[in-house]
Peer 1: 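Sharing a structure with you now.
In each ligand, atom 1 is the first atom listed, and ligand 1 is the first ligand listed.
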Amino acid sequence: MTLPGSKDTPLRVAIIGAGPAGFYTADHLLKQKNLSLEIDIFDRLPTPYGLVRAGVAPDHQKIKSVTKVYDKIAAHPNVRFFGGVELGKDISVADLMAHYHQIVYAVGAQSDRRMGIPGEDLPGSHPATEFVAWYNGHPDFTDYQFDLSQEQAVVIGIGNVAMDVARILCRTPEELQKTDIADYALEALKKSKVKEVYILGRRGPAQAKFTTPEIKEVAELADADVFILPEEAKLDELSQTQLAQEGGKAAQKVKIIQSYAGRKTEGKSRRLTIRFLVSPVELFGDERGGVRAMRLVKNELYATESGALRPRATDQFEDLEVGLVFRSVGYRGLPLPGVPFYDAWGVILNEKGRVLDPDTKEHRLGEYTAGWIKRGPSGVIGTNRADAVETVNLMLEDLSSGITLNPIRPEPEAAEALIRQRQPNFFSYEDWLELDKIERAKGKAQGRPRVKFTSVKEMLAALGR
Ligand code: NAP
């Protein structure tokens, strides 16, 4: 039998998820010389780009220009996009196995990590991921409510998502007006009463997860002062030793943090306070049940056997008044129906991208994974390129050994017919280009990059369906 990948029998690959990991997987496959391929990229949303559209902050337009690379891939004659088609709802793993030689799950991490503290779920305490999806116009989150009539907000965690959330809360309407933030979020944020935003790091400045551009950027907010307590900006001995060994970017970040410490405020109308070495231990509700305060414990650092510096609670506590809380302690992957999941890490059970059988720990024939659902929610967009390359190299290795699925309906028309039957309202890449054009034209009229469609109904109507 001839191996798939020839002109007569192209290798048929289904990629589930049209975010960075999905596109980089397609890209590396397309780069292979002498490999005849047909790639179908599926997404449960009608629109492509995953978190580049629904996660990257609206005031970070430059980062979004990475979609130009994805557009080239999507426009390739051997690539098709099926938007609005959900694995587990519209199609199953068995359907994919009947139509493709290889399947790649690249669905990202769609949920959030839990903190496990009392009061975490009080009204007014939200996963930051929900707020991010809401202000970015993700169709599943348009109805979410955030009480922006509160004056004090706390963001727990000190990664880039926490910085995004804090920045959006601190931006002026004029700053937000220039972005592609969802219209309803813009209106709500224009009326926001939030004056004081805290970001809480459980470890010290040397362990902050945000990157240098993000900490620099907060000092340039038009109408918000940045405040850091001088005693919290100081490094303990363990951190000093760690930093002396690491140097580079971590040292640069600490220098910036310390330059903000104790700085005189400029009397701007909002204040962003970055705290270090504190952990929330409990959230308290008011008589209506909504969050009203948070108890913090002061931490100290200790070195683990591996040398990592971890936080340890002391016996010092303080209470902070707060009416709005965003828990920004990391994304978490969700299981896909019919695909092995490693719950402890919130990822698909895999080895370097090969999906494993939970009982035998052997590779599940023809099934692969890439991106956050493979390795967990870490790294920047570009990190997914190397990750996808690793997966694709294993796919090619297996292909050359003749280890692929053997689909009973390998014709591209058969897959399309199935999708038309299951989800007649799917969106092709051409449909997306049409939506994109309308969004950009609406944006141009308002001096914005685009005005987003935020519901599937609106998107269908815009295409005259
Ligand atoms: P992250 O970088 O992993 O940060 C999570 C933060 O939550 C860390 O500060 C972590 O502290 C803290 N945390 C975890 N559990 C906690 C707990 N129980 N109590 C208190 N704090 C806790 O995750 P992220 O901010 O969600 O970002 C995800 C990925 O996307 C990152 O790689 C990020 O760089 C990337 N991203 C990039 C950009 C950009 O490039 N502009 C924007 C957004 C996101 P510890 O360090 O102590 O664990």
Peer 1: Please confirm whether T211 comes within less than 3.5 Å of ligand 1 when only nitrogen or oxygen atoms on both sides are compared.
Peer 2: no
Peer 1: Determine, step by step, whether D27 and Y70 satisfy the side chain to side chain donor-acceptor pair (under 3.5 Å) criterion, reporting the C-alpha distance in whole Å, the side-chain angles of both residues, the deciding distance to 0.1 Å, and the verdict.
Peer 2: CA-CA 8 Å; D27 191 39; Y70 307 156; over 6 Å; no
Peer 1: Considering heavy atoms of the protein only, find what lies nearest to atom 4 (O) of ligand 1 and give residue, atom and distance to 0.1 Å.
Peer 2: G159 CA, 3.6 Å
Peer 1: Among all the protein's non-hydrogen atoms, which is closest to atom 29 (C) of ligand 1, and how far away is it?
Peer 2: W372 CZ2, 3.6 Å
Peer 1: Is there at least one pair of N or O atoms, one from I158 and one from ligand 1, spaced under 3.5 Å apart?
Peer 2: yes
Peer 1: Going by the atom numbers of ligand 1, which of them fall below 4.0 Å from some non-hydrogen atom of G330?
Peer 2: 26 (O)
Peer 1: Do Y368 and D398 have side-chain atoms, one donor and one acceptor, less than 3.5 Å apart?
Peer 2: yes
Peer 1: Would you mind listing which atoms of ligand 1 come within a distance below 4.0 Å of any non-hydrogen atom of E214?
Peer 2: 39 (C), 41 (N)
Peer 1: What atoms in ligand 1 come closer than 4.0 Å to a heavy atom of P377?
Peer 2: 28 (C), 29 (C)
Peer 1: Give a yes-or-no answer on whether the side chains of Q242 and Q207 include a donor-acceptor pair shorter than 3.5 Å.
Peer 2: yes
Peer 1: If you measure from each non-hydrogen atom of L200 to ligand 1, which part falls under 4.0 Å: side chain, backbone, both or neither?
Peer 2: neither
Peer 1: Between the side chains of D236 and Y302, is a donor N or O closer than 3.5 angstrom to an acceptor N or O?
Peer 2: no
Peer 1: Any N/O of G157 closer than 3.5 Å to an N/O of ligand 1?
Peer 2: no
Peer 1: Could you tell me whether I63 and ligand 1 have an N or O pair separated by under 3.5 Å?
Peer 2: no
Peer 1: Determine, considering heavy atoms only, which of R327, M115, Q207 sits nearest to atom 19 (N) of ligand 1.
Peer 2: M115
Peer 1: Hydrogens and angles aside, do T391 and K352 bring a side-chain donor and acceptor to less than 3.5 Å of each other?
Peer 2: no
Peer 1: Going by the order shown, which atoms of ligand 1 are within less than 4.0 Å of some heavy atom of S378?
Peer 2: 32 (O)
Peer 1: Could you work out, with ring-ring contact (aromatic ring centres under 6.0 Å, His included) as the rule, every residue matching Y105, not counting sequence neighbours?
Peer 2: none
Peer 1: Salt bridge or not for E458 and K452, using N-O below 4.0 Å?
Peer 2: no
Peer 1: Under 4.0 Å from a heavy atom of V380: give me the atoms of ligand 1 that qualify, with their elements.
Peer 2: 40 (O)
Peer 1: With ring centroids as reference points, do F23 and H28 lie under 6.0 angstrom apart?
Peer 2: no
Peer 1: Indicate whether any N or O donor in one side chain lies under 3.5 Å from an N or O acceptor in the other, for E217 and H60.
Peer 2: yes
Peer 1: Going by the angle between their ring planes, with limits at 30° and 60°, are F146 and F131 parallel, tilted or perpendicular?
Peer 2: perpendicular
Peer 1: For D164, take its heavy atoms, then give the atoms of ligand 1 lying under 4.0 Å from any of them.
Peer 2: 42 (C), 43 (C)
Peer 1: Look at atom 8 (C) of ligand 1 and say which protein heavy atom is nearest, naming residue and atom and giving the distance to 0.1 Å.
Peer 2: K209 CG, 3.7 Å
Peer 1: Looking only at distances, can you tell me whether any N or O atom of R203, backbone or side chain, sits closer than 3.5 Å to an N or O atom of ligand 1?
Peer 2: yes
Peer 1: Using a 4.0 Å cutoff against the non-hydrogen atoms of R113, which atoms of ligand 1 qualify?
Peer 2: 15 (N)
Peer 1: For atom 20 (C) of ligand 1, find the nearest protein heavy atom and state the residue, atom name and distance (0.1 Å precision).
Peer 2: R202 CD, 3.7 Å
Peer 1: Where is the nearest protein heavy atom to atom 5 (C) of ligand 1: which residue, which atom, and how far?
Peer 2: S328 O, 3.9 Å
Peer 1: Identify the protein heavy atom lying closest to atom 32 (O) of ligand 1, giving its residue, its atom name and the separation to 0.1 Å.
Peer 2: G379 N, 2.7 Å
Peer 1: So which protein heavy atom does atom 34 (O) of ligand 1 come closest to, and at what separation?
Peer 2: N160 ND2, 3.1 Å
Peer 1: Considering only protein heavy atoms, which is closest to atom 27 (O) of ligand 1, and at what distance to one decimal place?
Peer 2: V161 CG2, 3.6 Å
Peer 1: Kindly state whether the ring of F81 and the ring of F42 have centres lying under 6.0 angstrom apart.
Peer 2: no
Peer 1: What side-chain donor-acceptor pairs closer than 3.5 Å can you find for residues 308-315, not counting sequence neighbours?
Peer 2:
{"unit_1": "R312", "atom_1": "NE", "unit_2": "E300", "atom_2": "OE2", "d": "3.4"}
{"unit_1": "T314", "atom_1": "OG1", "unit_2": "K298", "atom_2": "O", "d": "2.8"}
{"unit_1": "T314", "atom_1": "OG1", "unit_2": "Q316", "atom_2": "N", "d": "3.2"}

Peer 1: Specify side chain, backbone, both or neither for M163, according to which of its non-hydrogen atoms lie closer than 4.0 Å to ligand 1.
Peer 2: neither
Peer 1: Pairing donors with acceptors under 3.5 angstrom, does anything connect the side chains of R327 and S125?
Peer 2: yes
Peer 1: May I ask you to decide if the ring planes of Y49 and W432 are parallel, tilted or perpendicular, using 30° and 60° as cut-offs?
Peer 2: perpendicular
